[in-house]
2 protein chains.
Amino acid sequence: MATIGDVAKAAGVSRSTVSYALSGKRTISDETRERIESAIRELGFTPNAGARALATSQTRVIGLLVQFFRDEFSPAMMQYVLPISDAAREAGYDILMVTEDDGPHALKRITDSDMVDGLVLLNVAHDDPRVGPLRSARQPGALVGLPRDTDGLDVFDLDFGEAARMLVDHLQGLGHREIILVSPNEHVITRGGAYVWRFRDAALERAARYGLRIYPYYGETQQPDVAEQWNQVLDARPTATAVIVHNDAMIAGLPPVLNARGVEVPRDLSVVGIFSEDFGRLFSLPYTAIETSPDKLGRAAVQALVHRMRDGEGAGAPVVRFIAPELTDRGSTSTR
Amino acid sequence: MATIGDVAKAAGVSRSTVSYALSGKRTISDETRERIESAIRELGFTPNAGARALATSQTRVIGLLVQFFRDEFSPAMMQYVLPISDAAREAGYDILMVTEDDGPHALKRITDSDMVDGLVLLNVAHDDPRVGPLRSARQPGALVGLPRDTDGLDVFDLDFGEAARMLVDHLQGLGHREIILVSPNEHVITRGGAYVWRFRDAALERAARYGLRIYPYYGETQQPDVAEQWNQVLDARPTATAVIVHNDAMIAGLPPVLNARGVEVPRDLSVVGIFSEDFGRLFSLPYTAIETSPDKLGRAAVQALVHRMRDGEGAGAPVVRFIAPELTDRGSTSTR
DNA sequence: TTGCAATGTCGAACCGGTTCGATTACCGTG
DNA sequence: CACGGTAATCGAACCGGTTCGACATTGCAA
């Protein structure tokens, strides 16, 4: 491969002149610049990333730490990964994707060796072990998901509390008095997925305030358990007139169950959920729902990170941003 | 961050001695090694990746080129990405994941700048525009998916022809004479997904040899089109006694359709498919099927690539490996 | 006519590792 | 006691970029 020295020789100038022609940090005469450019074209020169990183202390790479848990639908993570990758590329960064089980260790490895200029942490748990190492890393980071202590961190998450209140309000306004609430699997809460109880607690509290009766459950994550659980729950709560579903597997598995039981939505039962638009389209879910907007979250995290990588300490105070839930009415609720 | 020079100073030795203590390429006295190691621990030294890459011309990073097409279920790609990432890490490599639309351009960018030691191309099409740039790259690559010209490349794919023959043979052996065949969406074939016609042609040819009647269709990729198409197809072919489904969306959407029509499997209809084990478990598909084994393919590609990166030209002749289809009998077929 | 600033280019140092050849000390051997 | 061999370490060069300070040339104003 051609080096900057080869280009310099071919153009009859010094290495530094080629560098300045490339970066534009000093003025170069038009004639010299043209000689350099044609030499670059002829030799097919592309700067060596390692050498550049060494000289500038910048890699133009973002580390993406993905974390998978048992009983989560792992392909769904792609909904976050793709927008993040796209947004990073638009800002001139590549993505080093790390899926190691030992997240803190992986984080330390890539930051200590200066492989990346910054980090995005996905699926952040309440007591996420990656947050400590992130704080002591040289590189800035942005989180998707809410940790217990957000001090000094840029954090992005959906406002799950507000989402729950919106759904309860919606059903209350229609006159529903008994509601079934299905949360993610219990495994998710034990490993510290705070969004589970942020949503659940807010729903329970709001329902209590209205004097509504609400029946909370933790849902299954796989067929055929999903269908079986739905039948059990619906049998156990024959007087409930609405369900709120915060669980991808449970809501994807709902239509055939209702179909088999002869339950018509919204005539016999009002159904609301919380899931991403893409997910809903894939499974053709005809339910009124809050969008989880993984694309917005991913892009926001990258933007904040890029800002912070560019401006360093001058990038201003850290931001904890809860993106506002949006309700899409697909007509799956009715008055009672 | 501490450099190797800081460590050397703290341990009272030269930089090269520290380097040799780290790599073990020359003998170092126990006493000196211990001084160096404790200096490393105290200073928290980790070698700088850029400097090391510059000195050794090795990045210990694998580029993963992911390609998404309209009308493919993109999260499904995660089934390939995860095993590849895991296998790479086990071999000591990190993954630079590139999802750029312009694949050839991205490939050229990361290879010319020496950001990676090797490449894995996912979802390779018959006339994949990335294969040319890959051939002229310095770094070796491994493909998942079969291109027209495999010369000089390590290629891994499922043996779709054999898979189709196994399924036709299976149905023929049970006495079926009229079979519906559902392929992936037509968009996939137009952009050059060779596995579509490799499977389809083999099935048609095998059926013709047995004198079976086979009705081929290209399937939809989203609800509610999927359900609608199933109803149309089943209405149009009332005498068919079996279906072969090579389309994730269509087979995931099949159970509710059959349920609604009162069709019982395998009493009224024999069903076979081709999909990954994970996919089948997620949707609880009770169908006899060929495994597409994305994990095996991904890991095989990484293994071959690692071998070639280590041994360079001495790694032997390129390999085109079709992994053997395995049929899992879930009891969704019966004699006719 | 001299002085000064702006323009364009060069050489050298530096980023943080690895590796080659040379050097020193010490050992056993003839 | 000189000699060769081995173990342990050092210094310098190198990988391929970037950047700082210096320098030569030119144009313009005083």
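Just so it is clear, the values below take in all heavy atoms, side chains as well, and ignore hydrogens, waters and symmetry mates. Chain identifiers are assigned alphabetically (A, B, ...) following the order of the sequence lines, protein sequences preceding nucleic acid strands; residue numbering begins at 1 within each chain.
- Shown for residues 9-19 of chain B: residues whose heavy atoms fall under 4.0 angstrom of DNA chain D, namely B:G12, B:V13, B:S14, B:R15, B:S16, B:T17.
- Between A:A142 and A:A301 the shortest heavy-atom distance is CB-O, 3.5 Å.
- Note that CG of B:L297 is 12.0 Å distant from CG of B:L143, once rounded to the nearest 0.5 Å.
- Here the closest heavy-atom approach between residue B:L121 and residue B:L65 is recorded as CD1-CD1, 3.7 Å.
- Contacts of residues 37-56 of chain A with DNA chain D (heavy atom under 4.0 Å): A:F45, A:T46, A:P47, A:N48, A:A51, A:R52, A:L54, A:A55, A:T56.
- The phosphate of C:dC15 (OP1 or OP2) has no side-chain N or O of B:T3 nearer than 4.0 angstrom.
- The number of heavy atoms from other shown groups lying within 6.0 Å of CZ (A:R321) does not exceed 12.
- As rounded to whole Å, 13 Å separates atom P of C:dT19 from atom CD1 of B:I28.
- For the atom pair CD of B:Q67 and CZ of B:R130, the computed distance is 3.5 Å after rounding to the nearest 0.5 Å.
- Across all strands, A:S29 comes closer than 4.0 Å only to sugar-phosphate atoms, never to a base (heavy-atom distances).
- Heavy atoms of A:S57 sit nowhere under 4.0 angstrom from any nucleic acid atom.
- For the pair A:Q58 CD and D:dT18 C1', the computed distance is 12 Å after rounding to whole Å.
- Proximity of B:K25 to the phosphate of C:dT19: a side-chain N or O atom is located under 4.0 Å from OP1 or OP2.
- Side-chain atoms of A:R26 and base atoms of C:dT9 include a donor and an acceptor less than 3.5 Å apart.
- Of all heavy-atom pairs spanning A:T59 and A:M115, the tightest one is OG1-O, 3.5 Å.
- For B:D151 and B:R135, the salt-bridge test fails: no basic side-chain N is under 4.0 Å from an acidic carboxylate O.
- Distance CD1 (B:I4) to C1' (D:dG11): 14 Å, rounded to an integer number of Å.
- Counting all heavy atoms, side chain and backbone alike, B:Y195 lies closest to B:V188 at OH-CG1, 3.3 Å.
- Between the side chain of A:Y20 and the base of C:dC10 there is no donor-acceptor pair of N/O atoms closer than 3.5 Å.
- For D:dA8, one of the phosphate oxygens OP1 or OP2 lies less than 4.0 angstrom from a side-chain nitrogen or oxygen of B:T27.
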